[in-house]
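Since the structure comes first, as structure tokens, the remarks are kept for the end.
Both ligands and their constituent atoms are indexed starting at 1 by order of listing.
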Amino acid sequence: MTLALYPGSFDPVTNGHLDAAARAVRLFQPVIMAVFDRPLKNVLFSVEERVELLRETTKDMPGIQVQAYTSLTVDYAREIGAKVIVRGLRDAIDFAYEFKMAQINQTIDPDIDVVFFMANGEFSFLSSSTVREIAALGGDVSGFVPPSVAHALARKFGRTK
Ligand code: ADP
């Protein structure tokens, strides 16, 4: 089957990311979920923490592997032999950004296609940044992220045992 790269910041991974990954792995094998190590934005979790949380939450999902990367996404896809890049689309704002990125990527390497998964309605409002904000204010994020991520957020914000 075709190897796919699912890149992102995953700061932290949410149930929305996992839903898209679970659907991607029905079409592509393996799906490499790759944590971008130099996002141009401030992150809450270090790359090591983000990788560890992703590994923990995907350990029972056959066909999903987790890596970190630092290069241009298209270059990394080429390096690992991925012909497909997987991304998720929640709304028109995602679309505007992703459409532009996909066209840039296609210009850089026409052999690599970007495949989009429409967010499940249940998760279309869900983003890592919303989860971080709720957790920072002491809210309950257990409906939005796996238990290990909820614990990691509680630890980050000094709310655990
Ligand atoms: P970025 O890579 O832009 O920093 P993220 O790490 O938050 O963004 O997300 C990685 C990918 O997963 C993006 O394509 C994003 O649109 C998608 N995604 C994020 N949240 C969801 C969700 N709730 N449902 C489906 N896809 C999502």
Side-chain angles (χ1 to χ4, degrees), residues 3-28 30-58 61 63-77 79-80 82-106 108-109 112-136 139-150 152-153 156:
L3 186 156
L5 171 66
Y6 181 6
S9 308
F10 304 111
D11 185 39
V13 58
T14 69
N15 291 343
H17 293 129
L18 293 172
D19 176 68
R23 287 154 61 206
V25 85
R26 295 197 299 227
L27 298 180
F28 308 114
V31 171
I32 313 288
M33 294 185 80
V35 178
F36 186 42
D37 191 6
R38 286 188 311 188
L40 303 169
K41 51 189 181 188
N42 290 331
V43 288
L44 177 63
F45 290 99
S46 70
V47 67
E48 292 80 13
E49 289 170 324
R50 285 178 280 147
V51 165
E52 193 186 316
L53 288 172
L54 258 178
R55 290 210 170 120
E56 165 65 27
T57 53
T58 58
M61 296 171 71
I64 305 258
Q65 296 169 23
V66 179
Q67 304 290 343
Y69 75 107
T70 52
S71 48
L72 203 59
T73 300
V74 186
D75 286 345
Y76 184 62
E79 187 187 316
I80 64 172
K83 290 274 178 230
V84 169
I85 293 175
V86 165
R87 297 283 288 175
L89 284 181
R90 285 161 293 187
D91 54 23
I93 297 169
D94 271 358
F95 178 80
Y97 173 77
E98 296 288 348
F99 186 58
K100 200 166 56 184
M101 285 305 294
Q103 287 184 322
I104 292 170
N105 287 343
Q106 202 168 35
I108 300 173
D109 191 333
I112 299 177
D113 269 305
V114 188
V115 173
F116 296 100
F117 286 81
M118 298 294 168
N120 183 321
E122 204 185 330
F123 304 123
S124 58
F125 63 90
L126 185 54
S127 66
S128 298
S129 60
T130 306
V131 165
R132 291 195 303 270
E133 276 169 38
I134 295 171
D140 178 12
V141 293
S142 59
F144 309 135
V145 294
S148 54
V149 175
L153 283 162
K156 244 332 154 197

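With rounding to the nearest 0.5 angstrom, the CG atom of L44 is 11.5 Å from the CD atom of E133.
Every residue two or more places apart in sequence or in another chain that forms a side chain to side chain contact (heavy atoms under 4.5 Å, CB included) with T130 is listed here: S127, I134.
Between R50 and F45, the closest heavy-atom pair is NE-O, 2.9 Å.
Formation of a donor-acceptor pair under 3.5 Å by the R87 side chain with backbone atoms of V114 is not found in this model.
The number of heavy atoms from other shown groups lying within 6.0 Å of OH (Y97) does not exceed 12. For M61, the CE atom counts as densely surrounded, since its 6.0 Å shell holds more than 12 non-hydrogen atoms of other residues, nucleotides or ligands.
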Could you give the N/O to N/O pairs under 3.5 Å linking ligand 1 and the protein, each with its distance?
| unit_1 | atom_1 | unit_2 | atom_2 | d |
| --- | --- | --- | --- | --- |
| ligand 1 | 2 (O) | S9 | N | 3.4 |
| ligand 1 | 2 (O) | R87 | NH1 | 3.0 |
| ligand 1 | 2 (O) | R87 | NH2 | 3.4 |
| ligand 1 | 3 (O) | R87 | NH2 | 3.1 |
| ligand 1 | 4 (O) | S9 | OG | 2.5 |
| ligand 1 | 4 (O) | K41 | NZ | 3.0 |
| ligand 1 | 6 (O) | S9 | N | 2.7 |
| ligand 1 | 6 (O) | F10 | N | 2.9 |
| ligand 1 | 7 (O) | H17 | NE2 | 3.3 |
| ligand 1 | 9 (O) | H17 | NE2 | 3.2 |
| ligand 1 | 12 (O) | Y6 | OH | 2.9 |
| ligand 1 | 14 (O) | R87 | NE | 3.1 |
| ligand 1 | 14 (O) | G88 | N | 3.0 |
| ligand 1 | 14 (O) | G88 | O | 3.3 |
| ligand 1 | 14 (O) | E98 | OE2 | 3.3 |
| ligand 1 | 16 (O) | G88 | O | 2.7 |
| ligand 1 | 16 (O) | D94 | OD2 | 3.4 |
| ligand 1 | 20 (N) | R90 | NH1 | 3.3 |
| ligand 1 | 23 (N) | F123 | O | 2.9 |
| ligand 1 | 23 (N) | L126 | O | 3.0 |

